[in-house]
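The sequence lines fix the lettering, A, B, ..., with proteins before strands; numbering per chain opens at 1. All values below come from the heavy atoms of this structure, side chains included, with hydrogens, waters and symmetry mates left out. Given the structure is predicted, the values throughout are model-derived calculations rather than measurements.
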2 protein chains.
Amino acid sequence: MKILLVEDDPLHRSYLREAVNAALPECHAIFEADNGIVGERMARDHKSAHIIMDLQMQTRNGIEAARTIWKERPDTRILFWSNYSDEAYVRGVARIVPDGAAFGYVLKSASEERLKLALRSIFIEAQCVIDREVRGMQQKSLGQAKGVNDIEYEILIDIALGLTDRAIAARRNLSLRSVQNRLQQLYEKLGVYQTSQDGHDGRFNLRARAVAVAFMRKLINYNGLERSEAELSEWLNTN
Amino acid sequence: MKILLVEDDPLHRSYLREAVNAALPECHAIFEADNGIVGERMARDHKSAHIIMDLQMQTRNGIEAARTIWKERPDTRILFWSNYSDEAYVRGVARIVPDGAAFGYVLKSASEERLKLALRSIFIEAQCVIDREVRGMQQKSLGQAKGVNDIEYEILIDIALGLTDRAIAARRNLSLRSVQNRLQQLYEKLGVYQTSQDGHDGRFNLRARAVAVAFMRKLINYNGLERSEAELSEWLNTN
DNA sequence: AGAAATGATGCGGGATCACGCAAGACGAAC
DNA sequence: GTTCGTCTTGCGTGATCCCGCATCATTTCT
């Protein structure tokens, strides 16, 4: 068995290397990449079937890399190893995992024991392993209770990118009014409203405020926004 | 000499410990804290004069912690050790460092050699050491060439938090029109404008777009926004 | 099948925003 | 002292946003 490590931080990389050696004696070769681009290339060259992937890397993040890898060979098993359980990351991963693929999501704060267990579960048993904390996040994403559903999430991204209602309507093939409807759903879900109804001074610009609270609730984050921006500029060009 | 490490990742913490041992034989005691709260407390209890501080930690970030520590004893020497050189962080640090205090800013990606050198320079020689990359960022912040100055930065924060023009005016003691003036300066600096002047469809909501590009340029980030939000809610209560 | 829920769309109005124009305030340069 | 540049503020306008009210269409429940 060969394993490919894609991880920025040399410290974490060597920690992973040791964990793999300890937990997977059947692994006889470890390859390492220190960013997403190299990771993709090595995965292709070595036809890697077992990958451990960091999510936030400077040059190319783990979600992008995983997507292209899975596009080429959907049965690749990938263990995501991340510092955070931001909803934005969880959504990002959930969006790209192919049907039936084995993958895992373990936090860097997990104990060594848990990491080793996850390694065996995924790479030997082909089971999906998802950290408890991440799991909680996932439930919240899917169930709508207090969570933001896909439609609302989509429009959240659009306003976070700074689009006007009209542009969103064009992009999503909706009428102007529908866009505004969805915006109101979103505002409600995020608990955003013009405070101090007493006077006439709405303190918050709802649109901007919604983005702010989404950001603070980690519904969106830097990497997610960057990805969305890339999609947007693509759309802008063809339109 | 005693040194206090404030860092949430155990891996990085032990790496630091070894680096300190290797570079500073005159250090006879190392204390460790795994978040900002504990860090503040330990700094107080041990009257720490030499601290190595991570910037992004979950429970309380390094800037907050450093601020309260410096408030109590401004001659404390603090080496910030961070993954990123986001302008938001650099600004955050610059804002709180007391006059004449010795401090440093070293990236985690720096070589071990560089870290050790910085350790000696700061803790022995009381010099300020700032990573080259960070330095570049700092210049850009201060010089206004293409960079955003303090006034623009301030209003950027305000719209990122989701305030209305009126609320900003109240908070900053300005007229409505002045706020809008500053907004326009900001838009210009960020290169934000209604694309496609041909038709009449402004694709971007300038206010939201400005926040988006600022975010993508790392003028603002999660920690910074959270800090500002805390200040904001304080102001909202007393007003 | 009929009823109820959900979502898309149109109309309209009040509030906010973006921004040109212009007048006064203040300090720096000459 | 005059002139210039920068900053603040007011007024006004057109575009955009927020959102209540109302009409269909599609789904879902009974």
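- With rounding to the nearest 0.5 Å, the separation of CD1 in A:I51 from CD1 in A:I122 is 12.0 Å.
- Applying the 6.0 Å contact sphere to CD of B:E72 captures more than 12 heavy atoms from other residues, nucleotides or ligands.
- Ring planes of B:F103 and B:F80: perpendicular class, angle over 60° (limits at 30 and 60°).
- DNA chain D is contacted by B:L174, B:S175, B:R177, B:S178, B:N181, B:R182 of residues 173-186 of chain B, taking any non-hydrogen atom closer than 4.0 Å.
- If you take CD1 of B:I168 and P of D:dT8, they are 14 Å apart, rounded to a whole angstrom.
- Following rounding to the nearest Å, B:L206 (CG) and C:dC17 (C1') show an atom-to-atom distance of 9 Å.
- Spacing between atom CG of B:D165 and atom P of C:dC19 amounts to 11 Å, rounded to whole angstrom units.
- In this structure, A:L163 places its CG atom 14 Å from C1' of D:dT16, rounding to the nearest Å.
- Residues A:R91 and A:D150 form a side-chain contact, since some pair of their non-hydrogen atoms from C-beta on lies under 4.5 Å apart.
- A straight line from CD1 of B:I155 to C1' of D:dC7 spans 13 Å, rounded to a whole angstrom.
- Side-chain atoms of A:N61 come within 3.5 Å of backbone N or O of A:I63 as a donor-acceptor pair.
- Residue B:D150 contributes atom CG, which lies 13 Å from atom P of D:dC7 at whole-angstrom precision.
- The pair A:K218-B:E226 does not meet the salt-bridge criterion, since no charged nitrogen lies less than 4.0 angstrom from a carboxylate oxygen.
- The phosphate of D:dC17 (OP1 or OP2) has a side-chain N or O of B:N205 nearer than 4.0 angstrom.
- A donor-acceptor contact under 3.5 angstrom links the side chains of B:N181 and B:R177, judged on distance only.
- Between the side chains of B:Y222 and B:Q56, no donor N or O sits under 3.5 Å from an acceptor N or O.
- Put simply, CZ on A:R207 is 11 Å from P on D:dC19, counting in whole angstrom units.
- Rounding to whole angstrom units, CD of residue B:E152 and P of D:dT8 are separated by 11 Å.
- Axis deviation across the helix from C:dA1-D:dT30 to C:dC30-D:dG1 amounts to 30°, comparing end segments of five pairs, rounded to 10 degrees.
- In summary, the side chains of A:D8 and A:Q58 do present a donor paired with an acceptor at a separation below 3.5 Å, with no hydrogens or angles considered.
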